[in-house]
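The structure under discussion appears below in the form of structure tokens.
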Amino acid sequence: MKLTLRFALFAFAAVLSVPLSAAEETAPRLLVIKAAHVVDPVSGTILPAQAIVIENDKVRSIGPVASVAVPAGAKVIDLGDATVLPGLIDCHTHVTGQPENFYEDIFRKSPVDQATTSHLYAKRTLTAGFTTIRNVGADNYVDFALRNAINAGKLAGPRILASGPALSATGGHGDLNGMSPYVRFEGDINGIANGVDEVRKKVRENIKYGADVIKILATAGVLSEEESVGGPQYTLEEMKAAVDEAAMWGRKVAAHAHGTEGIKLAIKAGVASIEHASFIDDEGIALAKQHGSYLVPDIYNDDYILAEYSRMGYPDKIIAKEKLVGRTQRENFTKAVKAGAKIAYGTDSGVYPHGWNGKQFRHMVKWGMTPMQAIQSATTSAADLLGWKDRVGEIAPGYYADLIAVKGDPLADITILEHVAFVMKGGEIYRNELTADPVKQFE
Ligand code: ARG
């Protein structure tokens, strides 16, 4: 039986791979984008009057309009006086969900609800100008399914580097705390893992089902009911095991860490990035620099949590934890910027509504970055953290044709990045308020 099935599959594959004749092959899709200003995060400058030649989903060349020949058969899209930037990258998202009500989200919804709505959030993220995201934490593998459907061209969404369930200690930030011991969610696929052996096994399991990156919860958190907001929750040994196992499979590790001590342990264990980094001290900043670890500080969402979470029924305990974190995190962000630590843009979208990802730029500038540094954090630096430096984060030959355009100069007013007017991902238009060219349609 097994053999017959294998043969049938083989025969089917053979039919599928019959080569097309030369005439049947489609010619490359050629496009030229012209723009009066292009932000180049590599040189840290704005290039005037550029033409970008795009072949299928990649950039073929870029140069001054006067020196670029429009290839025969190419369609030209002139974005006029707009400013073009590489597609933005958010290194910390939770695109599969968004809070509506604390108890209803937990008890009246299931992973199926997440799976059926996450495409809306993916589209909002993309059309806000974020053409790539690193999704760090989603139970039940909803993120893998979403990523796969986007990659297959079935849905509009950003490129997704997905982690699956975040590894958490029992009672830690990724566990459901504060409930009766009899409350269980049958069949829940989560990231609970204790001790080096379980940690290694969970890393393997996540990778088996589709993880591109591993997320670990190194310390306590805000939006969870354990006592502390920054207490360490994994030992150095457990985190080393996670990093070592992930590396064996060619994956990097992102560590959620608010607490001073847990941040240092995670850096010493070799994680690629410290998420939140709220209570990082001078020693932690120096360690991050020494190890080349990125910091991914989500310094917008304090505003949203304090404004909306009580209304959504979040326990006072959680609101009180946010009050401990918010301002200090921003002050420590300023210190890290001054010290020259590596910082990548990550917002924790899903804590606030998807599509608002650009709101963090103004905070990064207010708390110490230049507008160009903030843009670099969401392009070149983010691409470096993701391990995708060769494909996203710049507009250059061989890179994905992921680019956005805004009306005005984001270096003069960074809030312009909250209102992106044009979005292209892989040579397809997903938002266009600048020309009459249509956006890509899905059934
Ligand atoms: N997911 C994070 C946590 O629960 C959110 C922290 C939000 N607050 C902040 N100030 N960044 O720990």
Side-chain angles (χ1 to χ4, degrees), residues 24-39 49-62 65 68-90 95 117-133 146-160 353-358 379 391-392 394-408 410 416-443:
E24 281 171 309
E25 265 178 65
T26 44
R29 200 163 43 90
L30 289 167
L31 197 63
V32 176
I33 301 273
K34 291 186 179 175
H37 323 274
V38 174
V39 174
Q50 298 289 297
I52 304 157
V53 181
I54 294 164
E55 182 175 330
N56 298 328
D57 62 342
K58 302 265 171 60
V59 173
R60 189 205 265 187
S61 63
I62 173 168
V65 170
V68 172
V70 173
K75 176 177 176 178
V76 177
I77 298 180
D78 192 340
L79 297 180
D81 197 38
T83 302
V84 166
L85 300 93
L88 302 169
I89 303 170
D90 190 333
V95 76
T117 48
S118 62
H119 69 100
L120 297 170
Y121 305 141
K123 187 172 179 185
R124 287 176 201 166
T125 304
L126 175 62
T127 54
F130 287 79
T131 51
T132 299
I133 60 173
L146 179 67
R147 173 201 60 200
N148 296 348
I150 293 168
N151 288 349
K154 295 173 185 162
L155 298 175
R159 301 180 194 287
I160 301 182
H354 295 287
W356 293 11
N357 309 59
T379 51
R391 64 198 83 171
V392 295
E394 359 179 340
I395 302 171
Y399 280 65
Y400 283 121
D402 295 355
L403 50 92
I404 63 168
V406 291
K407 292 181 206 160
I416 284 174
L417 292 178
E418 295 170 23
H419 311 285
V420 169
F422 179 92
V423 177
M424 171 173 282
K425 179 193 149 209
E428 304 274 8
I429 303 171
Y430 288 88
R431 176 182 211 118
N432 189 0
E433 290 159 18
L434 297 177
T435 71
D437 299 283
V439 301
K440 184 175 165 62
Q441 295 299 319
F442 290 82
E443 286 173 57

Can you tell if the side chain of [X] reaches within under 4.5 Å of the side chain of [Y], non-hydrogen atoms only?
X: Asn432; Y: Ile77; answer: no
X: Ile404; Y: Phe130; answer: no
X: His419; Y: Glu433; answer: no
X: Glu428; Y: Asp57; answer: no

Q: Determine, step by step, whether Val439 and Tyr430 satisfy the side-chain contact (heavy atoms from CB on, under 4.5 Å) criterion, reporting the C-alpha distance in whole Å, the side-chain angles of both residues, the deciding distance to 0.1 Å, and the verdict.
A: CA-CA 5 Å; Val439 301; Tyr430 288 88; 5.7 Å; no

Check [X] against [Y] and note the closest heavy-atom contact, atom names and distance.
X: Gly408; Y: Thr83; answer: O-OG1, 2.8 Å
X: Val95; Y: His354; answer: CA-CE1, 3.3 Å
X: Val84; Y: Ala405; answer: CG2-CB, 4.1 Å
X: Val39; Y: Pro86; answer: O-CD, 3.6 Å
X: Ala74; Y: Leu31; answer: CB-N, 4.3 Å
X: Met424; Y: Ala401; answer: CG-O, 3.4 Å

Q) side-chain contact (heavy atoms from CB on, under 4.5 Å) between Thr131 and Ile89: does it pass, once the steps are laid out? A) CA-CA 6 Å; Thr131 51; Ile89 303 170; 5.5 Å; no

Q | side chain to side chain donor-acceptor pair (under 3.5 Å) involving Arg60 - partner list, sequence neighbours excluded | A |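 With neighbours one apart ignored, the set is Glu55.
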
Q | Identified side chain to side chain contact (heavy atoms under 4.5 Å, CB included) counterpart of Leu85 within the set Val38, Thr379, Val406, Ile395 | A |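 Exactly one pass, corresponding to Val406.
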
Q) Looking at Lys425, Arg159, Arg391, Lys58, which hits salt bridge (Lys or Arg N to Asp or Glu O under 4.0 Å) with Asp402? A)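 Testing each of Lys425, Arg159, Arg391, Lys58 against Asp402, the sole residue satisfying salt bridge (Lys or Arg N to Asp or Glu O under 4.0 Å) is Arg159.
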
Q: Applying side-chain contact (heavy atoms from CB on, under 4.5 Å), run through Thr125 and Asp90 and close with a yes or a no.
A: CA-CA 9 Å; Thr125 304; Asp90 190 333; 5.8 Å; no

Q) Distance-only, no hydrogens or angles: does the Asn357 side chain make a donor-acceptor pair with backbone N or O of Gly355 under 3.5 Å? A) yes

Q) Donor-acceptor pair, Arg431 side chain versus Thr127 backbone, under 3.5 Å? A) yes

Q | CA sep, side-chain torsions, deciding dist, call: Tyr399, Ile62, side-chain contact (heavy atoms from CB on, under 4.5 Å) | A | CA-CA 11 Å; Tyr399 280 65; Ile62 173 168; over 6 Å; no

